[in-house]
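One structure is given here, and the rest of the page talks about it.
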Amino acid sequence: MENIINDLKGFFTEFPEYIYLIIGIVFIVLFIGVLKNKSWAIDPESGNQRMFYNTLGHNAFRISIGVIYLLGTIAGFGGFFLYLK
């Protein structure tokens, strides 16, 4: 297990642009979950998120979280493509 971690560490040290790609993929999966109204992408876990969920309501919270996930997707893929140059 330690060898795998060291290999991954070496890979991401040599090619750090793939960290941005992974971030972009995670955020696009979450964004698709918000678009399909899946509870695993919208369900507030922490107390702060639950407060916003109760204040804004389901649809407004879903839209605001969707915008945040979309910005994360753009930033992740943008960082990947800018880092490739």
Side-chain angles (χ1 to χ4, degrees):
M1 186 69 175
E2 191 172 317
N3 290 336
I4 295 172
I5 292 173
N6 287 334
D7 289 343
L8 284 174
K9 186 191 238 183
F11 176 77
F12 286 125
T13 302
E14 189 174 345
F15 303 108
E17 63 268 11
Y18 289 105
I19 295 172
Y20 293 109
L21 182 64
I22 292 170
I23 290 170
I25 291 170
V26 167
F27 273 112
I28 201 164
V29 167
L30 289 170
F31 181 69
I32 291 170
V34 167
L35 288 179
K36 292 187 164 266
N37 202 14
K38 298 292 183 182
S39 63
W40 52 263
I42 302 168
D43 189 31
E45 294 295 326
S46 69
N48 293 335
Q49 286 181 348
R50 199 169 297 118
M51 181 193 71
F52 286 125
Y53 182 82
N54 291 335
T55 303
L56 298 175
H58 179 75
N59 287 332
F61 182 76
R62 182 176 157 222
I63 290 170
S64 61
I65 290 296
V67 168
I68 291 169
Y69 289 162
L70 181 63
L71 289 174
T73 302
I74 292 169
F77 287 126
F80 173 72
F81 289 119
L82 286 175
Y83 215 105
L84 279 177
K85 290 183 179 183

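Along the sequence shown, residues carry numbers from 1.
Between Tyr69 and Phe27, the two ring planes are tilted [angle within 30° to 60°].
Expressed to the nearest 0.5 Å, how far OH of Tyr53 lies from CG of Asp43 amounts to 7.5 Å. Distance CG/Leu56 to CE/Met51: 8.5 Å, rounded to 0.5 Å. Interatomic distance, CD1 of Ile74 versus CD1 of Ile28, reported as 9.5 Å (0.5 Å rounding). We find the CD1-CD distance between Ile22 and Glu17 to be 11.0 Å, quoted to the nearest 0.5 Å. Summarising the geometry, atom CD1 belonging to Ile32 is positioned 12.0 Å from atom NZ belonging to Lys38; distances are rounded to the nearest 0.5 Å. The distance from the OG1 atom of Thr13 to the CG atom of Leu8 is 10.0 Å, given to the nearest 0.5 Å.
Closest non-hydrogen pair, Pro44 versus Phe61, comes out as CB-CZ, 4.4 Å. Among all heavy-atom pairs drawn from Ala41 and Gly33, the shortest one is CB-C, 3.6 Å.
Residue Phe52 qualifies as open at atom CZ: its count of foreign heavy atoms under 6.0 Å is 12 or below. Residue Tyr20 places its OH atom among 12 or fewer non-hydrogen atoms of other residues, nucleotides or ligands, all under 6.0 Å distant.
No path of Ile, Leu, Val, Met, Phe, Trp and Tyr side chains, each step under 4.5 Å between heavy atoms, connects Val67 with Ile42, placing them in separate hydrophobic clusters. Under a hydrophobic clustering in which Ile, Leu, Val, Met, Phe, Trp and Tyr are joined whenever their side-chain heavy atoms come within less than 4.5 Å, directly or via other members, Ile19 and Leu71 fall into different clusters. Note on Leu35 and Ile63: separate hydrophobic clusters, where clusters join Ile, Leu, Val, Met, Phe, Trp and Tyr whose side-chain heavy atoms are under 4.5 Å apart, directly or indirectly.
Between Phe11 and Phe15, the ring centre distance stays below 6.0 Å.
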Starting from the C-alpha separation in whole Å, work towards a yes-or-no answer on side-chain contact (heavy atoms from CB on, under 4.5 Å) for Ile25 and Phe77.
-> CA-CA 8 Å; Ile25 291 170; Phe77 287 126; 4.2 Å; yes

